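Only heavy atoms go into these numbers, but all of them, side chains included; no hydrogens, no water, no symmetry mates. Keep in mind that this is a model prediction, so the values were computed, not measured. FYI, the numbering just counts along the sequence from 1. We count ligands from 1, going down the list as the structure has it; atoms in each ligand are counted the same way.
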Amino acid sequence: MDCLEAEKKIPLFLENRMDEKEIRDFVEHIETCPECREELAIHFLASEGVAIIEEGESFDLDKELDERLYGSLKKYESKSSLWTGLWMTEGIAILIIIAIFLYAFL
Ligand SMILES: [Zn+2]
């Protein structure tokens, strides 16, 4: 995949409208091409970052973008993706907060 092709694929990637092979080629190019990664980061920020920031959540562009890139690949490799891990961490955090709450008030 060359830069022109990768640039054209950015909107498709952001809308999750690529097949497995396209995503692999795309991620491979983004990994090796800083220009296209930056281009993708700008589009990604415009399409998703703004919404996340508006919700008042912290937004780490590089991290979110990596998660999106490798998350798209992982989807094809395993069902127990990164997101399962995130949900579990969140569940444990909530349990700890409840425990502290109960401890403080009982
Ligand atoms: Zn490129």
*asked:* Suppose the cut-off is 2.8 Å; which protein N/O/S atoms would you list for the Zn ion (ligand 1)?
replied: C3 SG, H29 NE2, C33 SG, C36 SG

*Charged N to carboxylate O under 4.0 angstrom, D66 versus R37?*
yes

*side chain to side chain contact (heavy atoms under 4.5 Å, CB included) between K9 and H29: does it pass, once the steps are laid out?*
CA-CA 11 Å; K9 296 260 160 101; H29 183 84; over 6 Å; no

*Please say whether more than 12 non-hydrogen atoms of neighbouring residues, nucleotides or ligands are located less than 6.0 Å from CD in E38.*
no

_Taking the basic N atoms (NZ, or NE/NH1/NH2) and the acidic carboxylate oxygens, is any pair closer than 4.0 Å for E20 and R24?_
yes

*Of all residues at least two apart in sequence or in a different chain, which pass the ring-ring contact (aromatic ring centres under 6.0 Å, His included) check with F44?*
none

_Would you say I42 ends up clustered with I10 if hydrophobic residues are merged whenever their side chains have heavy atoms under 4.5 Å apart, either directly or through other cluster members?_
no

